[in-house]
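Chain letters run A, B, ... following the sequence lines, proteins first and then strands; every chain starts at 1. All heavy atoms count here, side chains included; hydrogens, waters and symmetry mates do not.
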Protein chains: 2
Amino acid sequence: MNYNIPKPTESELEILQVLWEYGPSSVRFVNDKLNEEREVGYTTTLKLMQIMAEKGLALRDTQSRTHIYQAAVSEADTQKRLLQKFVDTTFRGSAMKLVMQALGAHQASPEELDEIKALIEKMESDSEDEK
Amino acid sequence: MNYNIPKPTESELEILQVLWEYGPSSVRFVNDKLNEEREVGYTTTLKLMQIMAEKGLALRDTQSRTHIYQAAVSEADTQKRLLQKFVDTTFRGSAMKLVMQALGAHQASPEELDEIKALIEKMESDSEDEK
DNA sequence: AATTATATACGAAGGACTTCGTAAAAGCAA
DNA sequence: TTGCTTTTACGAAGTCCTTCGTATATAATT
């Protein structure tokens with residue numbers, strides 16, 4: 001486990017998502033990806049990535065002149081952490097309320113719904129086993 | 001619908017949750033509730049609630065010396081807005097990934113699971129109807 | 001009436017985050 | 001070599017949010 005690593009800010013999360021999707025990348029590459037979504041200055045991205053390296057959110061390889069950064073935290077772990085906090089603050093700890101909202105607000109495909117049903121049934125049978 | 005109302009910050013959300021739960025309240029009351037969780041100065045809460053009134057997140061009745069504030073945004077709407085944003089930034093728009101994570105990370109009671117299953121089945125039959 | 005308690009108003013400090021300008025270094029091209 | 005491009009480094013400004021000190025007004029208490 002890692003952690004004294006702080007939770008990423010929103011901007012840092014955007015950068016992490018590029019690193020998660022494309023693997024180790026230069027600042028230039030990340031900045032280009034971000035600019036597909038919205039305008040960001042190069043030095044802004046650079047600064048953020050430097051800070052992320054300091055915080056331990058990213059690792060950087062300074063071998064070549066163009067430094068290469070990679071995520072130092074996993075996507076699943078990060079999502080889990082942020083979800084925990086979000087459930088606490090916005091749904092006062094009720095994950096189920098959140099699930100109901102999420103299911104209601106976004107239409108899911110039949111396949112996705114089946115996937116979820118399968119997961120629920122697995123959970124129910126698991127809790128049977130505990131008896 | 002409302003909205004040019006900004007999304008509440010975390011502190012504002014804490015206050016809104018008191019207002020949602022207990023209805024129109026004085027600063028004193030809200031501050032006492034907050035202090036059951038963590039230490040907050042009275043003028044801090046006052047200032048936040050004044051700002052919330054400015055922003056349109058709360059309404060205040062200044063009839064009596066002790067002003068009475070009430071939420072100007074509904075809990076469900078606010079949760080929906082925040083959830084939308086959270087899904088976008090943290091799960092890149094995939095509400096289903098979030099649902100799976102939430103179901104996985106927090107153990108739910110059998111009753112809750114049944115509730116969710118019922119919702120899913122309702123959604124499935126609804127999408128049948130569309131054909 | 002004088003004191004004490006409670007309320008609002010205001011401003012400003014401090015911190016976290018984002019943004020960007022500028023400089024210095026390193027590589028590339030003419 | 002000289003100049004152009006790319007990169008890192010650094011610092012500082014600006015914003016948003018939170019917190020709190022202080023002043024002022026109103027009410028309650030003695």
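Remark: P of D/dC20 and CG of B/Asn31 are 11 Å apart, rounded to the nearest angstrom. Rounded to whole angstrom, the span from the CE atom of B/Met49 across to the P atom of C/dC10 amounts to 17 Å. At whole-Å resolution of the value, CD in A/Glu10 and P in C/dT18 are 8 Å apart. We find that CG of B/Asn35 is positioned 14 Å from C1' of D/dC20, with the value rounded to whole Å. For the pair B/Ile51 CD1 and D/dT15 P, the interatomic distance rounds to 16 Å; values are reported in whole Å. Residue B/Tyr69 contributes atom OH, which lies 12 Å from atom P of C/dA7 at whole-angstrom precision. Between B/Glu14 atom CD and D/dT19 atom P there is a gap of 8 Å when expressed in whole angstrom units. When the C1' atom of C/dT18 is taken as reference, atom CG of A/Leu13 falls 15 Å away, rounded to whole Å.
B/Lys33 has no carboxylate O lying under 4.0 Å from a charged side-chain N of B/Glu21, or vice versa, which leaves the two without a salt bridge.
In the hydrophobic clustering of this structure, A/Tyr42 does not group with A/Ile51; members are Ile, Leu, Val, Met, Phe, Trp, Tyr whose side-chain heavy atoms approach within less than 4.5 Å, directly or through other members.
Counting all heavy atoms, side chain and backbone alike, B/Thr78 lies closest to B/Pro8 at CG2-CG, 3.9 Å.
Between B/Leu19 and the options B/Leu57, B/Val30, B/Leu59, B/Val73, a side-chain contact (heavy atoms from CB on, under 4.5 Å) holds for only B/Val30.
B/Ser11 comes within contact range of the sugar-phosphate backbone alone, with a heavy-atom separation under 4.0 Å but no base atom that close. Within 4.0 Å (heavy atoms only), B/Thr43 reaches at least one base atom of the nucleic acid. No engagement by B/Lys7 is indicated, since no non-hydrogen atom pair under 4.0 Å with the nucleic acid exists.
For D/dT6, neither phosphate oxygen OP1 nor OP2 lies less than 4.0 angstrom from any side-chain nitrogen or oxygen of A/Arg28. B/Gln50 has no side-chain polar atom (N or O) that falls below the 4.0 Å cut-off from OP1 or OP2 of C/dT8. Contact annotation: B/Lys47 does not reach the phosphate of C/dA7 (side-chain N/O to OP1 or OP2, under 4.0 Å).
Here the side chain of B/Thr44 is nearest to one of D/dT19, C/dT19, C/dT8, namely D/dT19. With distances taken from any side-chain atom of A/His67 to the nucleotides D/dT8, D/dT19, C/dT18, the minimum falls on D/dT8. For B/Thr9, the listed nucleotide lying nearest its side chain is D/dT18; candidates were D/dT18, D/dC20, C/dC20. Side-chain atoms of A/Tyr42 lie closest to D/dT7 of the nucleotides D/dT7, C/dC20, D/dA9.
Between B/Phe29 and B/Tyr22, the ring-plane angle classifies as perpendicular under the 30° and 60° cut-offs.
Heavy-atom distances to DNA chain C give each of A/Leu48 and B/Leu46 a nearest nucleotide, and the one nearer the 5′ end belongs to B/Leu46. DNA chain C is contacted by both A/Arg65 and A/Arg38; A/Arg38 maps to the nucleotide lying nearer its 5′ end (nearest heavy atom per residue).
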